[in-house]
Every structure is written in structure tokens, then in C-alpha cells.
Amino acid sequence: LYNQLQDLKGNIRVYCRVRPSTSGQTNHHCPINNIDGGSMSLIIPSKNGKDGKKTFNFNKVFGPSSTQGEVFSDTQPLIRSVLDGYNVCIFAYGQTGSGKTHTMSGPDNYTEETVGVNYRALRDLFFLSEQRKDIIHYDISVQMLEIYNEQVRDLLTTDKIRNSSHNGINVPDANLVPVSSTSDVLNLMNLGQKNRAVSATAMNDRSSRSHSCLTVHVQGRELASGNSLRGCIHLVDLAGSERVDKSEVTGDRLKEAQHINKSLSALGDVIASLAQKQSHVPYRNSKLTQLLQDSLGGQAKTLMFVHVSPDAEAIGETISTLKFAERVSTV
Ligand code: ADP
Ligand code: MG
């Protein structure tokens, strides 16, 4: 029934999340307003003083006061479908500082209340697999990858982690670590974060300029029939989508910016072509879309969280983020 309901809504969903203001501005200056269900409007300033107003429609819009729990509750049916054998991708898109990591991981000092989608998704997977244990036995394992400058890196490598005999479908060399509890997963996420941080010494905050992907593979075996099924979920915290002024950066910084730009547009092209049901889907234009090819399109389900800031200074990036979101949306 869950999947029937999901199918009625389509396989691509776009949610917009508006973070709280950083500057403590009053509503009067806020360019985003009328958040209601799936729609919101944006005041677009113009030089002649006659500001424009544009309404955007998505599957859902979460305002600045939405809680992590509220954001996750709309995501929950997708988690359930992973255990039914579906492949799912959840992306966090937006400029640096817009709240992508907050949505996916939660704040640095997260609590039970503020922890993000990644942990909640895994907690649900364990909970539901336990509920079904008399009917299906599930094996759950986790991979964590980073894509930086179109190169894929395994974030789960240390001697402490044993290599798994059955490897991931998409990245044959990456560690696939069996997990049986949420604390196993928290330990792995911490390790992945540490491995990411190690590489950040040369250029600070590399995390905003690389994509990170937590993949959970689920393998189920029906006890009565012996039939098996596979599903997976990719939880992707994308690199910051902000446009970099080419006249201001050079060298490594420019190269990074070009790689990010290229891979985010490739992702946009893939989802837009799926949303428009085009026959050709351009998976091959970036590492990210190649990596996720099996989980984008077909029976797979995609959820894109686009993040925007309500601050007036962010208006340029907010417009380009909402245009991206509109293009990949099916509403
Ligand atoms: P990004 O990953 O997109 O660069 P972050 O998630 O790191 O952005 O957010 C920047 C800062 O704003 C962090 O300190 C984060 O905890 C905070 N923040 C972002 N979104 C929210 C939110 N919805 N509620 C409270 N704090 C938020
Ligand atoms: Mg981040």
C-alpha cells in the first residue's frame, strides 16, 4: 500500500526547505513569504523599484520553524520502500550555509531532537526490519563515499574496519560495512566525518566543495519462500551550489568550482529528463550520476531537498536554487 501511494505521487519529489534567518531580519525585509503547503512566493527586487513576485510550487515547502522531525516524517515512506526492494536517492541541494548538512546530519552537537535524516533513516530501517523479522531476514550494510573534483574516495577506510566479502554494486572497491544497530552506524558516520576532515587541511572546509554520499544496502531473504530482494538508499549531501565569480578565483579553486558546476548541472539534467519522461537520460556526464545510475530512474525513487536562505543578501543564489528546483520538479 505504501508503494501504491508513493507511485501515485510519482517517483521524483522536490521539497524546499527555508532555513531560519541568519541576520535576525524582520519579516518586512524577507524576500520569501506566503509559505503554504507546497507553495511559496519570492519577492524579486528590481532596479526600477517595482519589485517582482514569483510563486514557486513544490511537493512540499518547509518554513524556517519546521523541525527535523517534521522534515523527516514526510520522508519516512521512502525508507519503508527500501525494505520492499526499491532504490532511493535523497539529495540535499543548496548554496553553502543554506542548511544541507543540517538536514542530512543535523548540527554538530546534535541531540535526539535535532539529529538529521541520515540517522533517522537508519533508525527506521532497523526498526522496520526488526518488526518484519519473522517473515524476512534483512542484512544491512553501509558505504560512505566522497566525490571531489570528479574523483571518488572511500570514506570508510581504516584498519579497524574489516573488508566485506560482498562488495557494493556501484563502487566495487569501496568498503561495505555490515551494521546491526544505530550505534554501529553512528560510529561509521563519525569515522567518515574524520576521514573527510583529514583531507581538509590544505584548503579549509573541503566539505562544502565535495559531494558526500552515505549508501545503505539492504538485502532481504523471505524465510518461507527463500526469495531474496535488494534495495538501497543513497543519502547525498551535495557540494555548495553557489556560483563562483570566474574573475575572482584561479588555480585549484577555479578547478573545484568548474567540477562542482559540471556535476550539479549533470545531476539537474538527469533528474529533469526523468521528470519529463524523456527517452534519453544523460547519466554519463558526471561521476555522481554514473555512480547513482541504478538508483535514478526506472522504479527508483528520488527526493531532492532544495535549501534556501530567507536573507536578502542571498537573493541571487536563492533565485538560481529555486530555478534549479523548478526544472527538476514534476509539480
Ligand atoms: P550547508 O551544509 O548547506 O553548508 P549547514 O547545514 O552547515 O549548511 O548550515 C549552516 C549553519 O546553519 C549550521 O550551523 C546549521 O546548524 C545552521 N542551520 C542550518 N539550517 C538550520 C535550521 N533549519 N535550523 C537551525 N539551524 C540551521
Ligand atoms: Mg555542509
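When reading the values below, keep in mind they use all heavy atoms of this one structure, side chains included, and skip hydrogens, waters and symmetry mates. Whatever order the structure lists ligands and atoms in, that order sets their numbers, starting from 1.
Using 4.0 Å as the threshold, Ser98 has a heavy atom nearer than that to some atom of ligand 1. Within the structure, ligand 1 has Arg17 among the residues with a heavy atom less than 4.0 angstrom away.
We find the CD-NZ distance between Glu326 and Lys323 to be 9.0 Å, quoted to the nearest 0.5 Å. Here CG of Asn109 is found 6.5 Å from OG1 of Thr114. Values are rounded to the nearest 0.5 Å. To the nearest 0.5 Å, the span separating CZ on Arg284 from CD on Gln290 amounts to 4.5 Å.
Scanning all protein heavy atoms for the shortest distance to atom 10 (C) of ligand 1 gives Arg19 NH1, 3.7 Å. The closest protein non-hydrogen atom to atom 15 (C) of ligand 1 is His102 ND1, 3.8 Å. Considering only non-hydrogen protein atoms, atom 4 (O) of ligand 1 sits nearest to Gly97 N, 2.7 Å. In this structure, atom 7 (O) of ligand 1 lies nearest to the protein heavy atom Thr101 CB, 4.1 Å.
Between Gly99, Pro20, Ala92, it is Pro20 that holds the heavy atom closest to atom 22 (C) of ligand 1.
Contact check for Cys89 versus Val236: no side-chain heavy atoms found under the 4.5 Å cut-off. Inter-residue side-chain proximity for Arg120 and Asp124 is flagged as unmet; no heavy-atom pair is nearer than 4.5 Å.
Minimum interatomic distance between Ile140 and Val216 (heavy atoms only, all atoms of both residues): CG2-CG1, 3.6 Å.
With salt bridges taken as basic N to acidic carboxylate O contacts below 4.0 Å, none links Lys60 and Glu70. Checked for salt-bridge contact, Arg327 and Asp269 meet the test: a charged N lies under 4.0 Å from a carboxylate O.
Look at Thr101 and the Mg ion (ligand 2): an N/O/S atom of the residue is under 2.8 Å from the metal.
Within the listing of ligand 1, atoms 3 (O) sit less than 4.0 angstrom from a heavy atom of Gln95. Atoms of ligand 1 lying under 4.0 Å from any heavy atom of Thr96, numbered from 1 in the order shown and given with element: 4 (O).
For atom 13 (C) of ligand 1, no protein non-hydrogen atom is found at a distance below 4.0 Å.
Looking at ligand 1, you won't find any N or O of Pro64 less than 3.5 Å from one of its N or O atoms.
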